[in-house]
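Some notes on the structure that comes next.
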Amino acid sequence: PIWWTTVREALKPQPSYEERKAELTQAKLSAMRREATNFYSRYPGQTWKNIISLGDMKYERDAVQELSASRVANAVARTVGSDVNVKPRRERLRTKACVLPGAP
């Protein structure tokens with residue numbers, strides 16, 4: 001019966017905090033990579049220059065940093081990742097930019 005499937009799912013061991021965070025980071029990274037690729041492939045030879053992410057979770061900031069680090073090869077990319085509190089103060093909304101160096 002359908003209700004038994006729901007009960008079995010509810011009784012399954014739940015992932016740890018770190019496992020769940022990794023899963024959410026990978027999901028966000030996949031979505032960000034797809035969107036950035038679509039955006040930066042509109043013109044031939046266009047390189048990734050600016051990547052901005054505003055979110056309320058640390059895994060979103062981690063995903064944008066990983067996206068930028070894994071993508072940038074011979075260019076300098078400006079990456080801004082900010083995790084914003086639900087009720088942020090004005091000072092908290094300031095973003096910090098990180099300039100990533102080219103390939104070593």
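Everything numeric here is computed off the predicted structure, so don't read it as measured data.
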For this session: Verify, without hydrogens or angle tests, whether E23 (side chain) and R20 (backbone) share a donor-acceptor contact under 3.5 angstrom.
Result: no
Exercise. Is there side-chain contact between E66 and Q26, with at least one heavy-atom pair below 4.5 Å?
Worked result: yes
Exercise. Would you call M32 and S53 a side-chain contact if the rule is heavy atoms closer than 4.5 Å?
Worked result: yes
For this session: Taking the side chain as every heavy atom from C-beta outward, state whether K58 and K21 have any atom pair closer than 4.5 Å.
Result: yes
Problem set entry | Contact summary for T25 and Y59, nearest pair of heavy atoms | OG1-CB, 3.1 Å
For this session: Spell out, as yes or no, whether a donor-acceptor pair under 3.5 Å connects the side chain of E35 to the backbone of R33.
Result: no
Seminar exercise, completed: ring pair (Phe, Tyr, Trp, His ring centres under 6.0 Å) filter on F39, not counting sequence neighbours, yields none
For this session: Please confirm whether the backbone N or O of Q65 pairs with a side-chain atom of S68, one donor and one acceptor, at under 3.5 Å?
Result: no
Exercise. Would you call K28-D62 a salt bridge at under 4.0 Å N-O?
Worked result: no
